[in-house]
2 protein chains.
Amino acid sequence: MAEPLTSTEMAGWRAYIESSQRLMTQLEDDLRADSGLTFADYHVLVLLSEAPGRRLRMGELASRLVFSPSRLTYQIGSMEKRGLVARESCPEDRRGSEAVLTAEGLRTLREAAPHHLRSVRAHFVDDLDEAEIAVLTRVFTRLGERLRASRSGVTQ
Amino acid sequence: MAEPLTSTEMAGWRAYIESSQRLMTQLEDDLRADSGLTFADYHVLVLLSEAPGRRLRMGELASRLVFSPSRLTYQIGSMEKRGLVARESCPEDRRGSEAVLTAEGLRTLREAAPHHLRSVRAHFVDDLDEAEIAVLTRVFTRLGERLRASRSGVTQ
DNA sequence: TAGCTCTATTTCAGATTTGAACCAACCGCC
DNA sequence: GGCGGTTGGTTCAAATCTGAAATAGAGCTA
């Protein structure tokens, strides 16, 4: 308890933080160069393309993207201007609205995906062997579940 | 090559991205609540506190933080206003400047560190066993080296 | 040493992100 | 039906971040 993190733990923690930052920067640069998209743009396109009806409620989208509500409002507004998504108000709940993928958005995603995935492979996945991927998957899946659970109970 | 990422790889990649986002959000929230600091603020304080003379050239600091030059200029300006660091011009190279940790900055770091480290432990490290930490450390250390190397050669 | 090129950092304008209000619509419940 | 207490989203002002100039000094070579 005197030392909240052992030096081994600290080393792992720091490597994780720094490398994650570098990885993101690299992927964002590639994505911008190849497709003129932001990582957030891309992620929105992916989630919408997988959703039934290619549409998702704002709240649902925000929680999957781990975005604050106001950030999502802005993000969708920006993508709407570029014609990648449309905003429709929700029939069941008139407070709500949903983001819908446009044909243009789908086309953009299909064009961007192979480049982006190649970039993810080149900068990250290819560096890992099978066992490492398995560990990462296990660790981060578990972590995600824990964090999702712990935050939903903290309204304060 | 038809499928740039296998479904196993994709699952790992997505879990990593989403959980990392969640983790950062959680840590930032804790840090703000406990100490009124940003993750970036904290990181700057740590790096400066470990540097010889508790000072670092802007460029060096930017590269370790993985910040763009202009972002670092802004970040240090903001911390300067709050009295956490001072900016001094560099004697050997008059183009350069260095950020120096102030006594106030050191005090702030010492006050914040235990809380923050407890938070890192609670939300991340405690969830991992020794073998997992070892894998993460190995993977992300290697990744960091690769990324550092590959980007330094891309001036275009 | 003048001229060139390169490097370190800042400046600038615009885009994004933040947290704190705010607004409307939903949900019991009287 | 109407009143309080949530909930889903948006708005707003302020803070931060970005990439593309602009500055200024270093360093080499003629």
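Quick note: numbers below take in every heavy atom, side chains included, and nothing from hydrogens, waters or symmetry partners.
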> Over how many whole Å does the gap from B:Glu28 atom CD to C:dT17 atom P extend?
Replying inline: 13 Å

> When the distance from CG of B:Leu37 to C1' of D:dT16 is rounded to whole Å, what number comes out?
Replying inline: 16 Å

>> Working note: B:Ser78 + B:Arg82, criterion side-chain hydrogen bond (donor to acceptor under 3.5 Å, both in side chains); need CA distance, chi angles, decisive distance, verdict.
In response: CA-CA 7 Å; B:Ser78 145; B:Arg82 288 174 283 156; 2.8 Å; yes

>> Just to be sure I understand the geometry, which residues of residues 51-74 of chain A put a non-hydrogen atom under 4.0 Å away from DNA chain D?
In response: A:Arg57, A:Met58, A:Gly59, A:Pro69, A:Ser70, A:Thr73

> Would you call B:Arg148-B:Glu145 a salt bridge at under 4.0 Å N-O?
Replying inline: no

>> Can you tell me which nucleotide in C:dT10, D:dG25, D:dT6 comes closest to the side chain of B:Arg87?
In response: C:dT10

>> Which is more 5' along DNA chain D, the nucleotide nearest B:Thr38 or the one nearest A:Glu98? Just name the residue.
In response: A:Glu98

> CD of A:Glu88 versus C1' of D:dG9: gap in Å, rounded?
Replying inline: 16 Å

>> Distance alone, cut at 3.5 Å: any donor-acceptor contact between the side chains of B:Ser20 and A:Tyr16?
In response: yes

> OP1, OP2 of D:dA15 versus side-chain N and O of B:Ser78: anything below 4.0 Å?
Replying inline: no

> Do A:Leu23 and B:Leu147 have side-chain heavy atoms sitting under 4.5 Å apart?
Replying inline: yes

> Taking atom C1' of D:dT23 as reference, at what distance in whole Å does atom CG of B:Asp93 sit?
Replying inline: 14 Å

> Which nucleotide in the list C:dG19, D:dC17, D:dG8 gets nearest to the side chain of B:Arg32?
Replying inline: C:dG19

> Does a side-chain heavy-atom distance below 4.5 Å link B:Thr25 with B:Asp29?
Replying inline: yes

>> Would you say A:Arg94 places a side-chain N or O within less than 4.0 Å of OP1 or OP2 belonging to C:dC26?
In response: yes

>> In this structure, how many angstroms lie between the P atom of C:dA25 and the CZ atom of A:Arg95, rounded?
In response: 10 Å

> Which whole-number value in Å describes the distance from A:Phe39 CZ to C:dT16 P?
Replying inline: 17 Å

> Rounded to whole angstroms, how far apart are CD on B:Gln75 and C1' on D:dT18?
Replying inline: 15 Å

> Honestly, is A:Arg71 close enough over A:Phe67, meaning NZ or CZ under 6.0 Å from the six-membered ring centre and within 45° of the axis?
Replying inline: yes

>> I need the CD1-P distance between B:Ile76 and C:dA8, as an integer number of Å.
In response: 17 Å

> Side chains of A:His116 and A:Asp30: does their closest heavy-atom pair fall under 4.5 Å?
Replying inline: no

